[in-house]
Structure formats: C-alpha cells, structure tokens
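Single-structure report; data block below.
Worth saying up front: this structure is predicted, and the values here are computed from it rather than measured. Here, residue 1 is the first one in the sequence, and each next residue gets the next number.
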Amino acid sequence: MLGVIIALIVSFIPCTILFFYLRGLRKEENYQKNCGKMLLKGVLCSLGVALLDLVVNILWALTGLDKVSPLLNAAFHDFIIAAAVEEFVKYMTADRMIKKNSADISWLEVIAFAGITAIGFELIESVVYFFSTNIMQILVRGFTMMHASYGMLMGYFIGKAKKTGNKINLFWAFFLPFLLHGCYDFSLADEFQALNDNLVFVPFIMVAITLVVFFRMLNVIKNGKNDAEYTGRLEG
C-alpha cells in the first residue's frame, strides 16, 4: 500500500509542474488567482461528471441496448459515458471562466484555463483510480497527462473560435478531445482487444498521438508568449 501511495504522489508531479508553468504565463495577480480557481473547478467538475454519468448510464440501460453486444456496450461506455461526458463537463467548466473574463482575455489564457481545468480533473481522477489500479498504471497515467493534452487542445480551438469568429472551431474544441479520449479508452477495452491480437498496439499508438498533441500545444504556448496574435485581447 505504501508503494502505491508513493506512486500516486509521484504521479502528481508532471501535472503540478504544468500547472505552475501555465500559471506563470502572466504575472498579474488576477490571472494567477483565476488559475487557482480553475484548478479547483477542474477538481469539482468531477461531481458533475459523476452525476451526468449516472443519468446516461440509466438511460442506456433503459434502452436495453446494453444487452445487445458486449462490444457495443463497451464502445458506448468508453465513447459516451467516459469520453463525451467528461469532455463536455470540462468544456462547460472552462467556457464559463473564459466568458467571465471575456473583456480581457487572450488566446494564450484560454489555452491555459482549459488546460488547468483538465489538470484539476486529472488529479482527482488519479485519486479515484488509486483504489482500483496498480503502481505502473498510476505512474503511466501521471506522466502521460492525457487529460491535460485534451484540455490544452480544447482551449486552443475555443481561443481560435473567438479569435477568428469561425464557430466551427467550437465543434473541433469538443470533438477532437472527445475522439482522442474515446479511442484511447476503447482501445483498452477487453472486448476491443479480443477482436485481434494485433490490436494490443493500438493503445500505444493513441498515447503517442496524444503526446504529439501535448508537445505541439507546449510549442504553441512557448512561441505564443511572444506573439501578439496569442497575447492580444480576444474580441469574440
């Protein structure tokens, strides 16, 4: 048990470093306070996820479709009950803060707020998984920071929608994180893995894709700090 607790604490380190990096993008006290609020809201949005999961689970059971096929049931749970619900609640949580600060917010800050929301959720989800997983899985979850990648990607497209006025980017802000999240979760499902022995490599491919997104977002942030397009006030 002690080893698992230590692994959990160690797994928090990457997200903690990323939080302080995003928090340090601006030195203004109000921005840094908002980052702290977003971290807490990210943790608390797990309550909204749990409630919405319960409702969707009940509705799914009432349709009787959960008895049709184990593969279909796994796909629904991974794409809808897990990915869609979680990304929707995180989207709504970040969007409220972004709208609240719409008079003085930049594209860079939008990325940060959405990323920090996801970090908060990732930290609390890691605590939940602590009770049902092993040391290796805890460490892998912590160091891959999947939710943080989804969050920054979401923030990038929300900011792009406000910057360009093209609302299709709001669709991408939800759909791309949902797709990455759903495909990763489903690739781990026993029902999916049972289809073909070669599918064992799919989760690793999904992790690789998500890591590419993560480093791409870090590059956008690094370059954006010196780019008026990303640091200027959004009009949308």
Ring geometry between F174 and F88 (parallel below 30°, tilted from 30 to 60°, perpendicular above 60°): perpendicular

Identified side-chain hydrogen bond (donor to acceptor under 3.5 Å, both in side chains) partner of H147 from the options E125, R141, E122: E125

Heavy-atom side-chain proximity of L25 to E109 below 4.5 angstrom: no

Mutual orientation of the aromatic rings belonging to F175 and F171 [parallel < 30°, tilted 30-60°, perpendicular > 60°]: parallel

Atom pair SG/CD1 of C35 and I116 - distance to nearest 0.5 Å: 3.5 Å

T117 side chain reached by M154 side chain, heavy atoms, under 4.5 Å: no

E29 bridged to K33 by N-O distance under 4.0 Å: yes

Enumerate donor-acceptor pairs with a distance under 3.5 Å from any side-chain N or O in residues 194-205 to protein atoms, sequence neighbours excluded.
from : atom 1 : to   : atom 2 : distance (Å)
N196 : OD1    : N198 : N      : 2.8
N196 : OD1    : N198 : ND2    : 3.4

Side-chain heavy atoms of I221 within contact of L22, under 4.5 Å: yes

Beyond-backbone contact of N223 with Y230, side-chain heavy atoms, under 4.5 angstrom: no

Criterion ring pair (Phe, Tyr, Trp, His ring centres under 6.0 Å) on F113 and Y31, from CA distance to verdict: CA-CA 10 Å; F113 285 159; Y31 168 75; 5.8 Å; yes

Side-chain touch L176/Y156, heavy atoms, less than 4.5 angstrom: no

Expected output: side-chain E229 to main-chain G224 donor-acceptor under 3.5 Å: no

4.5 Å side-chain heavy-atom contact, L180 and Y184: no

I135 CD1 to S11 OG distance, which is reported to the nearest 0.5 Å: 11.5 Å

Verdict with supporting geometry, N57 and I81, side chain to side chain contact (heavy atoms under 4.5 Å, CB included): CA-CA 7 Å; N57 259 308; I81 294 177; 3.1 Å; yes

Mutual orientation of the aromatic rings belonging to H181 and Y150 [parallel < 30°, tilted 30-60°, perpendicular > 60°]: parallel

R216 vs N219 side-chain heavy atoms within contact, under 4.5 Å: yes

Within-4.5 Å side-chain heavy-atom neighbours: V56 and L59: no

Short side-chain to backbone donor-acceptor contact, K41 and T93, under 3.5 Å: no

